[in-house]
A.B. asks: 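One structure follows; several queries about it will come next.
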Protein chains: 4
Amino acid sequence: MRAETPTPVPVRPSVLVRDSDEPTAAALIAAAVEVMARNGYHGTSVRDIASAAGTSAAVLYHHFESKQRLLVTICDRGLDVLIHATEEAHDLAGPDPADRLRAIVGAHVGVHLDSQRESLIGNSEIRALEPAGRALIVAKRDVQQRIFDRVIRDGMRRLVFATGHPEDAARFVTAACTSVASWYHPDGPLGRNELIERYQAIALDAVGHR
Amino acid sequence: MRAETPTPVPVRPSVLVRDSDEPTAAALIAAAVEVMARNGYHGTSVRDIASAAGTSAAVLYHHFESKQRLLVTICDRGLDVLIHATEEAHDLAGPDPADRLRAIVGAHVGVHLDSQRESLIGNSEIRALEPAGRALIVAKRDVQQRIFDRVIRDGMRRLVFATGHPEDAARFVTAACTSVASWYHPDGPLGRNELIERYQAIALDAVGHR
Amino acid sequence: MRAETPTPVPVRPSVLVRDSDEPTAAALIAAAVEVMARNGYHGTSVRDIASAAGTSAAVLYHHFESKQRLLVTICDRGLDVLIHATEEAHDLAGPDPADRLRAIVGAHVGVHLDSQRESLIGNSEIRALEPAGRALIVAKRDVQQRIFDRVIRDGMRRLVFATGHPEDAARFVTAACTSVASWYHPDGPLGRNELIERYQAIALDAVGHR
Amino acid sequence: MRAETPTPVPVRPSVLVRDSDEPTAAALIAAAVEVMARNGYHGTSVRDIASAAGTSAAVLYHHFESKQRLLVTICDRGLDVLIHATEEAHDLAGPDPADRLRAIVGAHVGVHLDSQRESLIGNSEIRALEPAGRALIVAKRDVQQRIFDRVIRDGMRRLVFATGHPEDAARFVTAACTSVASWYHPDGPLGRNELIERYQAIALDAVGHR
DNA sequence: GATGAATGAGATTTCATTCAT
DNA sequence: GATGAATGAAATCTCATTCAT
């Protein structure tokens with residue numbers, strides 16, 4: 001039976017920035033997210049970021065050791081938010097694999113809608129990361145992926161899911177859910193929660209639920 | 001019953017370049033695809049492209065009016081290949097919606113595997129396109145998406161598919177299939193055709209094919 | 001009778017640059033004037049200017065948004081100097097139209113001798129100005145021309161001048177006076193003040209004085 | 001007394017090009033005149049010229065050994081036309097210095113109106129000439145200037161002119177007459193012949209013709 | 001600690017000219 | 001003889017980053 005309240009995890013858009021003591025650093029991160037989501041890492045200059053934040057490039061270098069470090073920060077915090085939200089949703093769901101899949105799909109899609117720009121950057125700018133940072137980010141992405149793997153494998157074991165290829169289905173589902181960040185428009189016809197519910201349903205179909 | 005031979009459309013990797021009379025232009029496109037797939041449009045310099053093609057930047061400008069025009073060419077040809085392969089697969093499949101979905105998923109995934117770099121560029125560098133080119137490319141992407149929409153809606157009408165949200169399922173499926181370009185490695189454990197077959201099966205599940 | 005002291009307004013060559021707070025910007029303007037007067041706007045590279053000023057091209061772009069903007073600045077300031085000197089000379093002269101014509105010819109020629117290079121640029125590089133800047137500069141040139149028009153028309157009304165075509169004579173005179181910038185050499189046989197006096201006399205003849 | 005018919009020498013606009021055997025070379029010269037008059041020598045590329053002539057740069061190099069040589073050709077032919085027209089007008093005029101001055105002013109202004117673009121180039125692109133060509137062109141310009149010098153000095157000797165500074169007056173007059181090339185617009189309010197007559201009159205005033 | 005100047009490398013693009021064919 | 005490709009230098013301008021003050 002369906003969980004009564006799929007309640008997708010609410011993620012404030014400002015999480016990424018919230019705990020920065022220095023408001024300037026926060027403004028710089030917000031500005032970087034804004035402009036990098038639009039033009040990409042290499043398409044964004046340090047001056048672009050600074051002027052979007054209302055300061056100068058020199059100030060940026062006072063808060064971040066490099067443009068690269070700023071990217072790592074954005075990706076890292078974004079993935080922390082994603083993983084945390086997904087794990088929390090998983091843990092709050094009951095033991096039913098279907099409920100669990102609904103929960104983590106809800107969290108994953110929810111974060112990709114609420115932190116759309118951060119997610120976009122986190123997915124498309126990995127290639128712009130230098131090796132050290134890239135390793136970190138890729139590892140965290142694997143953590144997220146493995147949450148899906150586990151839930152689906154668990155559902156197979158309990159005969160709640162029935163897909164011929166659990167790992168591929170997990171990848172299939174996360175990719176589809178991740179992609180919402182690249183096309184969703186909050187002012188469009190589809191409400192956030194409605195979209196989440198639909199993707200939850202489709203994901204369950206994709207893993208052969210029932 | 002399942003079609004015995006899902007036979008994914010074979011797409012030669014060189015389609016994009018094949019019919020160029022001028023070998024230099026073809027080499028430049030190939031080089032651009034190679035290096036832009038790795039570093040992105042803005043992360044790739046005209047000199048990078050030229051030297052990857054074994055020539056100079058001035059030669060590039062003899063064949064393409066700008067770096068931007070080169071990007072448009074790559075995206076445009078890539079989408080032409082994709083749409084053509086998908087339509088052809090669709091037309092060769094029988095009237096059964098399941099066969100048709102298998103066919104177009106096979107074509108879509110196949111092209112994204114065989115022209116992995118072109119696909120990567122076509123999906124991640126749309127933001128780097130200037131308005132005119134972007135409109136063209138977005139329109140062609142819509143064409144591709146509508147092929148999936150039609151097949152799935154048709155399957156719903158014939159009661160072969162049963163998803164609560166056909167349009168969302170179509171988007172879900174294409175996004176998942178598109179994503180293979182970003183992670184598949186030909187030397188990995190998963191063979192090209194095997195992957196295609198798996199994604200065909202998952203896609204059918206996702207649309208509620210019984 | 002002749003005014004005793006035609007004393008043309010002395011304009012130091014550095015007026016254009018004098019009141020710039022930033023010495024680097026001033027040096028760049030001076031260098032640009034120097035080299036553009038010799039080779040023209042399009043014949044002068046940004047590097048030429050920078051190296052004549054003892055800096056790099058990047059520094060130039062720190063002070064001026066473009067090479068074009070630098071040209072506008074030079075032309076604009078040059079014309080301000082010219083107009084101001086001419087108006088001041090006019091106002092210091094008595095009410096006699098002949099005195100006034102002597103005064104403004106003296107100022108016009110004087111500025112074209114003292115700021116020879118700026119004048120050269122201001123006259124020959126108008127075609128290199130983009131529309132916005134060109135409109136500004138052409139308007140200021142008209143202001144200068146109208147000073148001559150007014151003085152000569154006034155002299156006609158008072159029957160001090162007698163030319164068949166006052167407006168053409170005004171154009172005739174300013175063109176002749178402007179041209180000194182293109183051939184005068186300070187080390188040549190003709191002294192600055194002597195040249196001015198001669199042109200004052202010829203200008204009065206040209207408008208049919210007496 | 002006035003000469004009855006100052007009839008300024010009619011100069012066909014195509015003189016410069018007329019006697020070129022090869023129509024392509026002629027078209028290239030015409031195109032170069034057109035576009036260099038607008039943008040200057042350094043502001044004009046060889047491709048600009050070629051495409052304005054409807055050919056390619058390679059063809060240009062088939063007819064002219066360099067862009068520089070093309071400029072020399074234009075300037076040289078332009079001055080030949082000017083000098084020839086001026087000498088012819090001088091010789092056709094009677095012995096009266098006033099008639100002679102009218103004649104050469106008419107020729108000078110006429111050529112500068114009829115071959116406006118060639119004249120513009122000849123006057124403003126001397127700095128773009130390399131030493132050899134420049135010497136040639138400057139020498140020819142001196143020839144033209146000396147015609148004016150002689151006529152005015154002759155008028156002084158015969159007491160027909162009365163200027164304090166004959167040589168300066170000559171320079172004054174030629175500069176004013178030359179300048180018409182830079183502002184005259186054939187569709188403007190002032191007719192070609194009317195302008196010439198006015199400048200003849202003003203020139204006579206300028207040299208103190210009583 | 002914050003700011004404007006500086007920096008040198010490198011971005012995209014164009015140049016005049018030459019060379020095979 | 002005419003044409004398209006090629007060339008290497010140089011054009012304008014921007015880059016990430018550092019340094020005095």
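Since the model is a prediction, treat every value here as computed from it, not as a measurement. Letters go in sequence order (proteins before strands), and every chain restarts at 1.
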A.B. asks: Nearest to the side chain of D:Ala58, heavy atoms from C-beta on, is which of F:dT7, F:dT3, E:dG1?
C.D. replies: F:dT3
A.B. asks: Considering only side-chain heavy atoms of C:Val59, which listed nucleotide, E:dT7, F:dT17, F:dA11, is closest?
C.D. replies: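 Nearest to the side-chain atoms of C:Val59, counting from C-beta on, is E:dT7.
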A.B. asks: Determine the contact category for B:Ser66: base if any of its heavy atoms lies under 4.0 Å from a base atom, sugar-phosphate if only primed atoms, P, OP1 or OP2 are that close, otherwise nothing.
C.D. replies: sugar-phosphate
A.B. asks: Between A:Tyr41 and C:Tyr41, which residue's closest nucleotide on DNA chain F lies nearer the 5′ terminus?
C.D. replies: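 The residue mapped nearer the 5' terminus is C:Tyr41.
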A.B. asks: Over how many whole Å does the gap from A:Leu60 atom CG to F:dC15 atom C1' extend?
C.D. replies: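 Nearest whole value for this atom pair: 14 Å.
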A.B. asks: Grab the CG-P distance between D:Leu71 and E:dA16 for me, whole Å please.
C.D. replies: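 My rounded result for the distance is 13 Å.
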A.B. asks: Quick one: does any side-chain atom of C:Glu118 pair with a main-chain N or O of C:Gly78 as donor and acceptor, under 3.5 Å?
C.D. replies: no
A.B. asks: In terms of side-chain heavy atoms of D:Tyr61, which of F:dC13, E:dT17, F:dA16 is nearest?
C.D. replies: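 Out of F:dC13, E:dT17, F:dA16, the nucleotide with an atom closest to D:Tyr61's side chain is E:dT17.
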A.B. asks: For the side chain of A:Ser45, counting heavy atoms from C-beta on, which of F:dC19, E:dG10, F:dC15 is nearest?
C.D. replies: F:dC15
A.B. asks: Less than 4.0 angstrom between a side-chain N/O of D:His62 and OP1 or OP2 of F:dA2, yes or no?
C.D. replies: yes
A.B. asks: If I take atom CE in residue D:Met36 and atom C1' in nucleotide E:dC15, what distance separates them, rounded to the nearest angstrom?
C.D. replies: 14 Å
A.B. asks: Atom CZ of C:Phe64 to atom P of F:dT14: distance rounded to whole Å?
C.D. replies: 15 Å
A.B. asks: Are any of the side-chain heavy atoms of C:Leu82 and C:Lys140 separated by less than 4.5 Å?
C.D. replies: no
A.B. asks: Taking atom C1' of F:dT17 as reference, at what distance in whole Å does atom CG of A:Leu70 sit?
C.D. replies: 14 Å
A.B. asks: Pairing check on E:dA16: which nucleotide meets the Watson-Crick or G-U wobble criteria with it, both distances under 3.5 Å?
C.D. replies: F:dT7
A.B. asks: Between the side chain of B:Ser66 and the main-chain N/O of B:Arg69, is any donor-acceptor distance below 3.5 Å?
C.D. replies: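 Flag set: sc B:Ser66 to bb B:Arg69 pair under 3.5 Å.
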A.B. asks: Expressed as a whole number of angstroms, how long is the span from C:Lys67:NZ to E:dT14:C1'?
C.D. replies: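 Distance, rounded to whole Å: 13 Å.
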A.B. asks: Name the closest nucleotide to the D:Val46 side chain, picking from E:dA16, E:dG10, F:dA5.
C.D. replies: E:dA16
A.B. asks: Please compare B:Asp48 and C:Thr55 by the position of their nearest nucleotide in DNA chain E and report the one closer to 5'.
C.D. replies: C:Thr55
A.B. asks: Without decimals, in angstroms, what is the distance between C:Gln68 CD and F:dT12 P?
C.D. replies: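 Spelled out: CD on C:Gln68 to P on F:dT12 is 12 Å.
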A.B. asks: Kindly point out which of E:dA5, E:dT17, F:dT12 is positioned nearest to the side chain of D:Arg47?
C.D. replies: E:dT17
A.B. asks: Please find the pair of heavy atoms, one from B:Ala57 and one from B:Arg47, that lie closest to each other, and give the distance.
C.D. replies: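 Taking B:Ala57 first and B:Arg47 second, the nearest heavy atoms are CB-CG, 4.4 Å.
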A.B. asks: Within the pair C:Thr24 and E:dA6, is there a side-chain N or O less than 4.0 Å away from OP1 or OP2?
C.D. replies: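 For C:Thr24, the contact criterion (side-chain N or O under 4.0 Å from OP1 or OP2 of E:dA6) is met.
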A.B. asks: Any strand counts, and the cut-off is 3.5 Å on both contacts for Watson-Crick or G-U wobble. Which nucleotide pairs with E:dA11?
C.D. replies: F:dT12
A.B. asks: Let's see if you can work this out: which of E:dT17, E:dA5, F:dC13 has an atom nearest to the side-chain heavy atoms of C:His63?
C.D. replies: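 Among the listed nucleotides, the one closest to the side chain of C:His63 is E:dA5.
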A.B. asks: Do you know which two heavy atoms are closest between D:Cys75 and D:Ile121, and how far apart they sit?
C.D. replies: SG-CG2, 4.3 Å
A.B. asks: Is there a side-chain contact between A:Arg127 and A:Tyr41 (heavy atoms, below 4.5 Å)?
C.D. replies: no
A.B. asks: Between B:Ile49 (CD1) and E:dG10 (C1'), how many Å, whole number?
C.D. replies: 15 Å
